[in-house]
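Convention: sequence-line order gives letters A, B, ...; per-chain numbering from 1.
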Number of protein chains: 2
Amino acid sequence: MTKKDDFDLQDFLPYLLNQAAEESSLAFQNIYKDRYGMLRTEWRVLFHLGIYGRMTAKEIGERSKMHKTKISRAVARLEERRFLTRERDEADRRLEYLELTGAGRAAYQELRSVAIDYDATLARAFAPEEVAVLRKLLHHLAKL
Amino acid sequence: MTKKDDFDLQDFLPYLLNQAAEESSLAFQNIYKDRYGMLRTEWRVLFHLGIYGRMTAKEIGERSKMHKTKISRAVARLEERRFLTRERDEADRRLEYLELTGAGRAAYQELRSVAIDYDATLARAFAPEEVAVLRKLLHHLAKL
DNA sequence: TGTTGTTAGTTACAAAATCAACTGTTAATG
DNA sequence: CATTAACAGTTGATTTTGTAACTAACAACA
């Protein structure tokens with residue numbers, strides 16, 4: 001395409017990252033949304049608890065960098081669906097430990113395998129070394 | 001951290017991409033938002049017109065993959081601020097050509113240099129070959 | 001030419017994200 | 001201890017997004 005300007009939007013990292021993230025998230029969402037009608041925020045909370053086990057909302061926030069109100073609401077919805085339970089920390093009553101129920105763990109296991117498949121599909125678009133480099137660089141970017 | 005599960009969320013590409021995209025977009029937004037109080041959608045439309053020149057909303061949609069309602073609203077806001085003008089195509093009266101005004105071009109030029117600086121800052125976190133690989137792979141992912 | 005389909009863009013309404021203010025609790029310090 | 005600050009989490013108001021239905025214009029083709 002003819003450009004009026006030598007700055008290339010397609011090479012601007014934040015833009016490029018967004019395009020790639022949006023593309024892959026939407027494609028992945030299309031795969032899982034029908035099974036559980038789950039939001040991205042709920043999906044994330046579920047995965048955090050499924051992978052790392054019992055933890056507080058605060059810890060989920062530190063790991064995921066999601067805002068606490070998003071987490072609060074996602075937790076409420078997952079609780080409604082009986083996917084998790086809360087337990088007050090008696091030593092520090094501000095804290096609430098969240099833990100998946102049997103149904104929550106089952107949902108996680110199912111979505112986990114969907115995720116693994118999808119990740120493999122994406123990875124197949126690259127050479128193995130490339131995927132490794134990509135993950136490494138993204139990792140680095142994510143914690144700048 | 002102790003994991004209960006060998007699946008690693010930090011290596012799951014859609015998640016990783018989102019984290020990296022969110023991180024870099026927010027950081028970039030903090031730099032430019034005070035100058036123009038502009039939304040990400042508006043920023044994108046402005047850049048498309050600044051870089052590629054006069055085009056229709058539809059073309060912006062094809063390039064950016066933003067949904068047409070987002071574009072429609074971003075265009076309306078940019079027009080309110082007198083950053084762009086619309087011109088009806090007389091041959092096909094459904095089409096409207098969008099073009100930056102002087103003020104719009106000035107805003108673009110300013111934000112463009114902010115973007116170039118920020119991109120350089122990000123790139124500095126990597127070796128030059130790494131950045132090239134990263135851009136290539138993201139490019140590829142974005143158009144899967 | 002008239003009917004049906006398609007396209008560009010907008011709008012109305014519902015869903016979700018953001019921000020600020022709030023509750024209840026613990027920590028810090030005089 | 002009493003008061004103030006800090007923290008975990010929730011709620012409410014506002015803003016932004018997403019979905020679907022809509023308008024206006026063009027296209028195809030019987």
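Each of A:Y52, A:F83, A:F47 was checked for a ring pair (Phe, Tyr, Trp, His ring centres under 6.0 Å) with A:Y108, and the lone residue meeting it is A:F47.
Straight-line distance from the NZ atom of A:K68 to the P atom of D:dG12: 16 Å, rounded to whole Å. Atom-to-atom, CD of A:E59 to P of D:dG9 comes out at 9 Å; the value is rounded to the nearest Å. Between the CD atom of B:E96 and the C1' atom of C:dG9 there is a distance of 8 Å, given to the nearest Å. What separates CD1 of B:I60 from P of C:dA8 is a distance of 13 Å, to the nearest Å. Distance, A:E80 CD to D:dT10 P: 13 Å, rounded to whole Å. Between B:Y97 atom OH and C:dA8 atom C1' the separation is 12 Å, expressed in whole Å. The distance from atom CZ of B:R88 to atom P of D:dA24 is 11 Å, rounded to the nearest whole Å. Residue A:N30 contributes atom CG, which lies 14 Å from atom C1' of D:dT19 at whole-angstrom precision.
Counting heavy atoms of neighbouring residues, nucleotides and ligands inside a 6.0 Å radius, atom CZ of B:R88 exceeds 12 of them. Counting non-hydrogen atoms of other residues, nucleotides and ligands closer than 6.0 Å to NZ of A:K136 gives a total of 12 or fewer.
For DNA chain C, the neighbouring residues in residues 72-79 of chain B, judged by any heavy atom under 4.0 Å, are B:S72, B:R73.
B:D8 and A:R135 are not joined by a salt bridge, as no carboxylate oxygen comes within less than 4.0 angstrom of a charged side-chain nitrogen. One finds no salt bridge joining B:K65 and A:E22 here, because no Lys/Arg side-chain nitrogen approaches an Asp/Glu carboxylate oxygen to under 4.0 Å. A salt bridge does not link B:E59 to B:R63: none of the charged nitrogens lies less than 4.0 Å from a carboxylate oxygen. B:E90 and B:R93 are joined by a salt bridge, as a carboxylate oxygen and a charged side-chain nitrogen come within less than 4.0 angstrom of each other.
A:T56 comes within 4.0 angstrom of the backbone, heavy atoms only, and of no base. Backbone-only contact: B:R86 has heavy atoms under 4.0 Å from sugar-phosphate atoms and none from a base. As judged by a 4.0 angstrom heavy-atom cut-off over every strand, A:I71 is placed among residues making no nucleic acid contact.
Under 4.0 angstrom from either OP1 or OP2 of D:dG18 there lies at least one side-chain N or O belonging to B:K70. An OP1 or OP2 oxygen of C:dA15 is reached within less than 4.0 angstrom by no side-chain nitrogen or oxygen of A:R40. For the pair A:K58 and D:dA8, the criterion of a side-chain N or O lying under 4.0 Å from OP1 or OP2 is met.
Residues A:Y36 and A:E110 bring a donor and an acceptor atom of their side chains to less than 3.5 Å of each other.
The aromatic rings of A:W43 and A:F28 sit perpendicular to each other, their planes meeting at more than 60°, with 30° as the lower class boundary.
Between B:I60 and B:L49 the shortest side-chain heavy-atom distance falls below 4.5 Å.
When the nearest nucleotides of DNA chain C are assigned to B:T69 and A:L39 by heavy-atom distance, the more 5′-ward of the two goes with B:T69.
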Provide a list of protein-nucleic acid N or O atom pairs under 3.5 angstrom, restricted to nucleotides 23-29 of chain C.
from	atom 1	to	atom 2	distance (Å)
C:dT26	OP1	A:R93	N	3.1

